[in-house]
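Remarks on the structure that follows.
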Amino acid sequence: FPVTIVSFSELEHLEKNILGFSSKHFSLYQFKKEDHINLEDFLKTTSFYQQGEEIKDVILITNPRCFGYVFNPVSFYIIEGKNKTHAIIEIGNTFSELKPYYVSPDFFKENSFIFRTTKKFYISPFLSLQNSMLFQFSWTEKKLKILIEDYNNQGELEFIAHYQGEAYEISRYDCLKTFLRYPWHTFIIIFLIHWHAFMLWLQKVP
C-alpha cells in the first residue's frame, strides 16, 4: 500500500499544490493531527528536552485518511533535533488506543536504528502481552525499509512484518491516481486485520 511521508514544514506547500490532499478540511486524502499523539506533550515525558534539544522538523511516515477513514497499525516519526536525530514509534490497535515509544539517538547509526521494547498494551489478541518487539528501520532520500519482529519469552519469533518502498516526488494529480490504483486502501487494512484474525481463530490459534 502507499504511505505518506509528511514533513510538517511542507504541509502548507502540499495543500496548495496537490489535488485531493488537505490537513484542514475533508478531502480525498486528509492528514489530521488528531489521529496521532500530541508530539510535544509526549517528548516532555522523555529525555528529549533534557538533552537540550529542540524540534527543527518532523517527518511522519503514516497513512492519511481516505474519505475520512484511517487505521494506522504503526507510524514512524523522524525528529530532526538541534543536535541529533530522534524517533518515535506510534502503535495503534483496533480499540483506538495509541502508544508511543521513544527512540533516542543512542539507537541510531546514520539513517537507521534498531530498537527493542516490551509492549504497553495488546496489539493482537494472538500474541502475548509479555512478548517483545524488535524494530529495524532505515531510510535514505530514495528508499525506506521497515522490519518488525515479535518474540515470545523463550526468544522464539512469532510474528514478522516488513515494508519496503522507493520514494518519488508527488505530482499534482498523484492522489487521484493513487486512489484509482489502490481504492479504499485504508478500509482494506482494517478488513484484512480482522480477516486474518478470523483465519487464525479457525485454526484454533490460542
Open item on the list: Parallel, tilted or perpendicular: which one describes the rings of F137 and F113, with boundaries at 30° and 60°?
Closed with: parallel

Open item on the list: Would you call the rings of H185 and Y29 parallel, tilted or perpendicular, taking 30° and 60° as the class edges?
Closed with: tilted

Open item on the list: Looking at every non-hydrogen atom in both residues, tell me the closest pair between K120 and P100 and how far apart they are.
Closed with: NZ-O, 2.7 Å

Just wondering, do [Y] and [X] contact through their side chains at under 4.5 Å, heavy atoms?
X	Y	answer
I88	V103	no
F76	I89	yes
D35	V70	yes
S47	Y102	yes
T186	F71	no
I146	W139	no
I91	M133	yes
L39	Y77	yes

Please round to the nearest 0.5 Å and tell me the distance separating atom [atom1] of [X] and atom [atom2] of [Y].
X	Y	atom1	atom2	answer
I114	Q136	CD1	CD	4.5 Å
D57	T85	CG	OG1	11.0 Å
F48	E54	CZ	CD	8.0 Å
C66	I188	SG	CD1	9.0 Å

- [ ] Taking the six-membered ring for Trp and the single ring otherwise, decide whether the centroids of F67 and F179 are under 6.0 Å apart.
- [x] yes

TODO: Answer with yes or no after comparing the ring centroid distance for H36 and F31 against a 6.0 Å cut-off, counting only values under it.
DONE: yes

Task: Within residues 115-135 or reaching into it, pairs that qualify as ring pair (Phe, Tyr, Trp, His ring centres under 6.0 Å) - sequence neighbours excluded - done: F107-F115

Open item on the list: Could you walk me through whether V58 and I78 satisfy the side chain to side chain contact (heavy atoms under 4.5 Å, CB included) test, starting with their C-alpha distance in whole Å, then the side-chain angles of each, then the deciding distance to 0.1 Å, before giving a yes or no?
Closed with: CA-CA 6 Å; V58 178; I78 304 301; over 6 Å; no

Task: salt bridge (Lys or Arg N to Asp or Glu O under 4.0 Å) contacts in which one or both residues fall within residues 102-117, not counting sequence neighbours - done: none

Open item on the list: Once salt bridge (Lys or Arg N to Asp or Glu O under 4.0 Å) is applied, what residue pairs with a partner in residues 66-94 remain, sequence neighbours excluded?
Closed with: none

Would you say [X] and [Y] are hydrophobically clustered, going by side-chain heavy atoms of ILVMFWY under 4.5 Å?
X	Y	result
L144	L134	no
F187	L176	yes
I123	L127	no

Open item on the list: Would you say that more than 12 heavy atoms from the other residues, nucleotides or ligands in this model lie under 6.0 Å from the OH of Y49, or not?
Closed with: yes

Sub-3.5 Å donor-acceptor pair from the side chain of [X] to the main-chain atoms of [Y], do we have one?
X	Y	value
Y168	K142	no
E53	N83	yes
D174	S171	yes
K33	N38	no

Task: Full working for side chain to side chain donor-acceptor pair (under 3.5 Å) between S112 and S138 - done: CA-CA 4 Å; S112 65; S138 65; over 6 Å; no

Task: All salt bridge (Lys or Arg N to Asp or Glu O under 4.0 Å) counterparts of E97, not counting sequence neighbours - done: none

- [ ] Could you check F26 against R65 for side chain to side chain contact (heavy atoms under 4.5 Å, CB included), going step by step and ending with a plain yes or no?
- [x] CA-CA 9 Å; F26 184 85; R65 287 177 173 243; over 6 Å; no

Open item on the list: Go through it in stages, so that I can follow the logic: the residues are K16 and E12, the test is salt bridge (Lys or Arg N to Asp or Glu O under 4.0 Å), and I'd like the CA-CA distance, side-chain angles, deciding distance and then a yes or no.
Closed with: CA-CA 6 Å; K16 288 181 179 179; E12 186 175 346; 3.2 Å; yes

TODO: Quick one: do E15 and S23 satisfy side chain to side chain donor-acceptor pair (under 3.5 Å)? Show the steps, please.
DONE: CA-CA 7 Å; E15 290 185 294; S23 67; 2.9 Å; yes

Show the atom names and distances, to 0.1 Å, of all donor-acceptor pairs under 3.5 Å that link a side chain in residues 189-206 to residues at least two apart or in another chain.
residue, atom, partner, partner atom, Å
H194, ND1, I190, O, 2.9
H196, ND1, L192, O, 3.2

Open item on the list: Go through it in stages, so that I can follow the logic: the residues are N111 and T140, the test is side chain to side chain donor-acceptor pair (under 3.5 Å), and I'd like the CA-CA distance, side-chain angles, deciding distance and then a yes or no.
Closed with: CA-CA 7 Å; N111 285 348; T140 65; over 6 Å; no

Open item on the list: Is the terminal nitrogen or CZ of K145 (NZ for Lys, CZ for Arg) located under 6.0 angstrom from the six-membered ring centre of Y163 and within 45° of that ring's axis?
Closed with: no

Distance-only check: which donor-acceptor pairs under 3.5 Å involve side-chain atoms of residues 150-159, not counting sequence neighbours?
residue, atom, partner, partner atom, Å
D150, OD1, N131, ND2, 2.6
D150, OD2, K119, NZ, 3.0
Y151, OH, E149, OE1, 2.6
N152, OD1, Q154, N, 2.9
N152, OD1, G155, N, 3.1
N152, OD1, E156, N, 2.8
N152, ND2, E156, OE1, 2.8
N152, ND2, E158, OE2, 3.1
E158, OE1, N131, ND2, 2.9

Task: Evaluation steps, side chain to side chain contact (heavy atoms under 4.5 Å, CB included), between I79 and L43 - done: CA-CA 11 Å; I79 303 166; L43 286 176; 4.1 Å; yes

- [ ] Go through the steps for S75 and L60 under the test side chain to side chain contact (heavy atoms under 4.5 Å, CB included), then give the verdict.
- [x] CA-CA 7 Å; S75 299; L60 175 58; 4.1 Å; yes

